[in-house]
Every structure is written in C-alpha cells, then in structure tokens.
Amino acid sequence: MADNTSTSGVESIFQTQKRWEELLDSDDFVKTFLSDVLENYIVQQRWYGGKSSQLKYIELAEFFKIQQKGEIYYGLILEVNFVEAFYQHYFLPIAFVTDENFAKKDRILPIEINNEKGFIIDATNLESFRKLVYERILTAEPIDTTKVQYHKSHLFSDNSYESSRFMGLEQSNTSLVYNEKYVLKFFRRIFADKNPDYEMSRFLSEKKGFKNTPAYLGSINLVDSDGVNITIGLMQEMIPNEGDAFDYSLRELHKVFSNLEYKNIAVDQLPNTALYQRLDIKDIPPRIIDWAGLHLFLQIETLARRTAEMHIALGSEFEETAFTPTHYNDDYTVWLKNKVLYQFQNRLNAIENNLHKLEGLALDLAHEFLDKKNSIRKRFVDFDWTKLKGERIRIHGDYHLGQVLVKDNDFYILDFEGEPESTIRDRKVKQSPLKDVAGIFRSFHYAIYATIFNNAENYPFSQNQLFKAGEVLYRYITGLFLGTYVTETQNANLNIGYNQERIFILKYCLLEKAVYELGYELNSRPQWAVIPLKGISNIINH
C-alpha cells in the first residue's frame, strides 16, 4: 500500500505519518482507501442500493469534518460509478479507533497513524460520535452559515445526552435512538438537494402543527462545493408504538378470515358494493359488520381522517412556493405520461419474460394484461388536464401501511422520502393527494391477499372463495376510507376535484401503482404477482 506498508498476520496495514486531522489531504490514503478497500466494504452494507448493478469505481466527491472541541470525525460523500453508466452518492462518516476488540464486524481499513495502530470504522458505531452530533444539534445557532449546518427546532427542548443506540435493521438509512425519546436518521443514499423527508417533516410539524407525524427536532445539512444544500441527518421525536399499520392489518385481517368459519359465513351470500363508492359507516351492511367487526371499520375511519388532515396541512400553504397548491397544466401532463409509459413498457417486458413462473389465476390475469396492453396504455395516455378542476399539492409519495405507526388506536405517518425508484426532482413534483390514497388502497389489497397466502391452511375454504371474500372486504374498506377522506377534505376546502374527476384520478393512480408493484413481484416472489395483476384487472374491467 501507499505511504509505507507493513504486513501483520494476513492483513496489510496502511501506514502514514500524517495526523488524523490531515488524513484526507493525503492522495495516497484516498487512493488506497477508495480503490483497494472501500469497494469490498460498501457492497456488503444493507444501505447500499447498487447491488443489482456492477460497480465500476468509487470517487471521493466531497469530505468534511464533523467536530466539536477538538474531537474530529470525517463525513465522506462517495460517488459510486457503475458499469451501466450511472452513479449514486452515499454518505459515510468515519472514525479512527485503536481498541482491538471494537467494531470487529464494521472495520473498513487497518491503519497505523503516527505509530499508533488501529482501524478506520463507520463512525456511527462510536458512542462518542453519536453524542457529538446530538450535542451539535442541541446547541445549534439559529442561523448556521458554515459548511456543515446544524439546525435545532423550537420544538426540541434542552435535554442533555443520556444514551444512544442503533434503532435496528434498516435497508436504506441508519437511525440512532437517543435517550429513548429521539431518533436521528442518517441518510445514506443522498441527493444534491434537500431531502423530501426533511422538508416535509419540518413543514408539517414546525409550520402546520400536524400532530400525527413524528415532530421535527433538528437536522444536519451540508453545503457542498457547488453551494448545494444536501440533507445528511434528520432528528425527530420517537413515537412509542405497537408496530406499523401493515403488521397491525395482518393481525386484524386474520381474525376477519377466521370468522368465516367461526361465524359460519357463506361467502357467496355476502352483500357486495360497487368499487370506489363513497361509504359512511352506517352504509355498511350488518352482515359485513358482523363478519369483519366494527372495530376494523372504526380504525379505517381514523386512518382516513389522519390522511386527510395530512393533505389539508400540505394544501394550506400560500407563502412558501415549495408547498403552495397549483393547478394541472401541460408540463405536468408531459412529465406524468413519460414516467408512467416508461414504467408500463418496463413491466410489459417483465411479464413477457416471466410468464413461465406464473400459474393458475396469476397466469390467467397475466394473459389478460398482455391481451389488453393497448387498452391499458391508452388509459395512461388519456390524461386530459384541461378537464381537471382540482389542485396538486406536495404529497407523501410513497404512502402505504408500512409507513404508518399504530399507537393507542391512532395512526402516525412517517418517512416522507418518496418513491425509491424516482429521482429527487420527481419526488418533489406536486401531485393529486389521491395518489397517496391510491397507495394506501393498494396496501389494503396487499394486506388482504398476504393474510390469505400466509394462513391458507388455517381457513377451510378454497383459495378462490377466500379471494372472493377478500375482494368484498376490500370494497367496503376502501369505500369507507374514501367516504371519510372526501368528507374531511371538502369540509376543509381542499380542492381535490369533482366526483367524476376524483374517480378518474384515483383509478389512474391505482393502475400506475399496481403496474409499479408488478416489477417487484415478478423479480422477487412471482407467486405474489397475482396481487398487482388482480388490482390491474379490477381497474381495467370497472
């Protein structure tokens, strides 16, 4: 290795006479670190999103010091370049430790700095680093003009550091729990802009006082060499909870499907209702209430209200241009059509290449999808903005039951980062709030079918009968949600369009969501492809 190299056991130790404070100024160190070491380390991290692509090389796009009173750590912005001719940026904080027994599973590079042997590790493993960033947020000045900008909300009361720990296994970010009361999320995959999660969280809790989301408490942003503001970390209150709404739904729905046998219910005689029909709880037939239970429908009402309240808050801004409502126009329509048609073609190819993996109802629905591909494409193209009277607002963008926490029969909405496949610009495009409603509808559909798949041997009914019962339940759940949601938004004068317009946009977004889901299912678990395929069939035959 560069600078000077010695061998200890099987590991080569990088040696340098530079001080830790100067390490990133060493070209030899940077070259060794990036080319010989980091590639092997980064591909093994849970937060690394390039696993399906071939890594070409890593460059150090930016580095900065995270420091306080002489205690120094480095933040690295890594540009990961792929053979497929695109790149991604990742944030990695690093520290130097000398303890032989520390962070054995998270070492990046053995190193000797000024005759002191140790290791470079991900700094989040160090309590001293976690304490430092907590204190930097807690003591942040109201206006920070330095390269690394710490911000503290007026909602963050002065609480000295007590403890910190990792929240648990996460895919794309690293969350730290402080004092068992606060959560600092470090964004790993980063973009040359403020993260939507930071923007939305701060706007909803600081400016609008929306209570059903974790309160924004502070943040860490980097001003890069181009003057662009990049979100590195987001501090929020921790909501003690009983799990997310998807797991909660699976438990509740298992009771519902168990009731088919327990209450001796004839599936073919269950009263049905039309799709996308606005319902009040008094519109739900007693036989359906008896089967599914009143509690389930009361919870659906509550979730619909919280969703409406979120959108009412997001649609009530008239000063901050990033959040002011806007009308549909030609630019938006071009953007939307390009996005959905590209996605549709991609999923069409996936279906054609994966037909051999499908069977039964899934195969029948896949053939229907292929037979009606021109009709589906036409639905996506037929978006005439001149007929739409509603307004577009900033929305959650990746809204599903897994993004909602359950606590004391109430719901708390989190994770406003947006759709993972979308660019940072696309995630901030103002859209109809009904896109979020479509997301939660698709999530209900998933929860119903997942319950059937996970417990089929426990229910003495054929799969077709269970699917039939599930579709009936889906209509009542979504009808009640829609009825509650529309009433709430209309009472608050949030303009989501007239009835025919609402149904058009909802079906458009449901179709888009189901087509989006299809790619994941075909690649990961083809037996579940029946869920989005059934969702698509519902829409194109309605």
Side-chain angles (χ1 to χ4, degrees), residues 20-21 23-24 45-47 62-78 89-97 102-103 106 108 119-168 170 172-191 194-195 197-199 201-202 205-206 214-224 229-238 414 417:
W20 168 248
E21 294 84 351
L23 192 61
L24 269 294
Q45 302 311 301
R46 289 178 65 87
W47 43 259
E62 195 99 24
F63 72 88
F64 50 95
K65 289 176 180 174
I66 300 172
Q67 59 188 330
Q68 179 178 254
K69 299 172 186 170
E71 191 179 350
I72 296 174
Y73 303 93
Y74 285 107
L76 311 182
I77 305 296
L78 304 171
H89 286 110
Y90 290 91
F91 167 62
L92 176 67
I94 59 169
F96 173 61
V97 295
F102 191 77
D106 220 358
I108 304 173
F119 304 91
I120 287 178
I121 64 167
D122 184 317
T124 57
N125 288 283
L126 272 183
E127 185 175 18
S128 56
F129 171 78
R130 301 196 296 263
K131 181 181 179 186
L132 185 150
V133 291
Y134 177 87
E135 290 178 342
R136 288 303 308 262
I137 292 172
L138 194 63
T139 59
E141 296 294 325
I143 298 175
D144 189 345
T145 57
T146 56
K147 184 180 179 70
V148 186
Q149 298 182 352
Y150 300 89
H151 179 259
K152 174 190 169 186
S153 170
H154 65 269
L155 301 171
F156 196 11
S157 55
D158 288 322
N159 283 294
S160 57
Y161 175 89
E162 295 169 14
S163 64
S164 61
R165 62 174 174 85
F166 286 103
M167 178 173 261
E170 284 185 285
S172 54
N173 299 308
T174 300
S175 289
L176 307 172
V177 176
Y178 288 96
N179 299 1
E180 298 302 319
K181 290 195 291 188
Y182 316 115
V183 177
L184 174 62
K185 180 193 293 184
F186 275 118
F187 297 105
R188 294 300 196 155
R189 171 95 189 273
I190 59 167
F191 303 90
K194 291 175 183 173
N195 192 292
D197 202 6
Y198 156 73
E199 285 185 311
S201 172
R202 187 170 178 182
S205 64
E206 273 198 340
Y216 167 82
L217 301 176
S219 58
I220 309 169
N221 286 276
L222 166 72
V223 180
D224 73 5
N229 202 306
I230 298 170
T231 310
I232 301 296
L234 171 64
M235 178 82 86
Q236 295 171 298
E237 73 170 324
M238 186 165 82
L414 60 156
E417 278 198 81

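For this chain, numbers begin at 1 and follow the sequence in order.
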Fill in: NZ or CZ of R130 within 45° of Y161 ring axis and under 6.0 Å
no

Practice prompt. Please identify each residue that fulfils side-chain hydrogen bond (donor to acceptor under 3.5 Å, both in side chains) with Q68, with sequence neighbours left out.
Written response: E135

Discussion item. For Y150, give me all partners under side-chain hydrogen bond (donor to acceptor under 3.5 Å, both in side chains), at least two apart in sequence or on another chain.
Written reply: none

Worksheet, complete the sentence: Residue set satisfying side-chain hydrogen bond (donor to acceptor under 3.5 Å, both in side chains) with R136, at least two apart, ordered chain then number -> none

Worksheet entry | Any F119 side-chain heavy atom under 4.5 Å of F96 side chain | no

Worksheet item: Under 4.0 Å between a Lys/Arg side-chain N and an Asp/Glu carboxylate O for K152 and E141?
Response: no

Discussion item. As an exercise, state the distance from OG of S201 to CG of N195, rounded to the nearest 0.5 Å.
Written reply: 10.5 Å

Discussion item. Any non-hydrogen side-chain atom of R202 less than 4.5 Å from a side-chain atom of K194?
Written reply: no

Worksheet item: Tell me, do I94 and I121 make a side-chain contact under 4.5 Å, heavy atoms counted?
Response: no

Fill in: S172 backbone acceptor or donor facing R188 side chain under 3.5 Å
no

Worksheet item: Is there side-chain contact between L176 and V183, with heavy atoms separated by less than 4.5 Å?
Response: no

Worksheet item: Do the ring planes of F129 and Y73 sit parallel (below 30°), tilted (30 to 60°) or perpendicular (above 60°)?
Response: perpendicular

Worksheet item: Would you say the side chain of I230 lies within less than 4.5 Å of the side chain of F187, judging by non-hydrogen atoms?
Response: no

Worksheet item: Hey, does the side chain of W20 reach the backbone of I72 with a donor-acceptor pair shorter than 3.5 angstrom?
Response: yes

Item to complete: Take Y178 and M238 through the test side chain to side chain contact (heavy atoms under 4.5 Å, CB included) and record every step on the way to the result.
Response: CA-CA 9 Å; Y178 288 96; M238 186 165 82; over 6 Å; no

Discussion item. Looking at D224 and K147, is there a salt bridge between them, counting it only when a charged N and a carboxylate O are closer than 4.0 Å?
Written reply: no

Practice prompt. Look at E127 together with R165 and state whether they make a salt bridge at an N to O cut-off of under 4.0 Å.
Written response: no

Worksheet, complete the sentence: Rounding to 0.5 Å, atoms CD (E180) and CD (E162) come to a distance of 9.5 Å

Discussion item. Tell me which one of V148, L76, L24 satisfies side chain to side chain contact (heavy atoms under 4.5 Å, CB included) with F64.
Written reply: V148

Worksheet item: Parallel, tilted or perpendicular: which fits the ring planes of F156 and Y182, with parallel below 30° and perpendicular above 60°?
Response: perpendicular

Worksheet entry | Donor-acceptor contact present, side-chain K65 to main-chain E21, <3.5 Å | yes

Worksheet item: Hey, are the side chains of D122 and P93 touching, using non-hydrogen atoms and a 4.5 Å cut-off?
Response: yes

Practice prompt. Just do the side chain to side chain donor-acceptor pair (under 3.5 Å) check on Y216 and H151 with the steps written out, would you?
Written response: CA-CA 10 Å; Y216 167 82; H151 179 259; 2.7 Å; yes

Worksheet item: Got E206 and S153 here, is their nearest side-chain heavy-atom distance under 4.5 Å?
Response: yes

Practice prompt. Look up atom CD1 in I66 and atom CD in E71, then write down how far apart they are to the nearest 0.5 Å.
Written response: 11.5 Å

Worksheet item: Would a 4.5 Å heavy-atom cut-off, applied to side chains only, mark L222 and Q149 as touching?
Response: no

Worksheet item: Which residue, N173, D197, T231, forms the side chain to side chain donor-acceptor pair (under 3.5 Å) with K185?
Response: D197

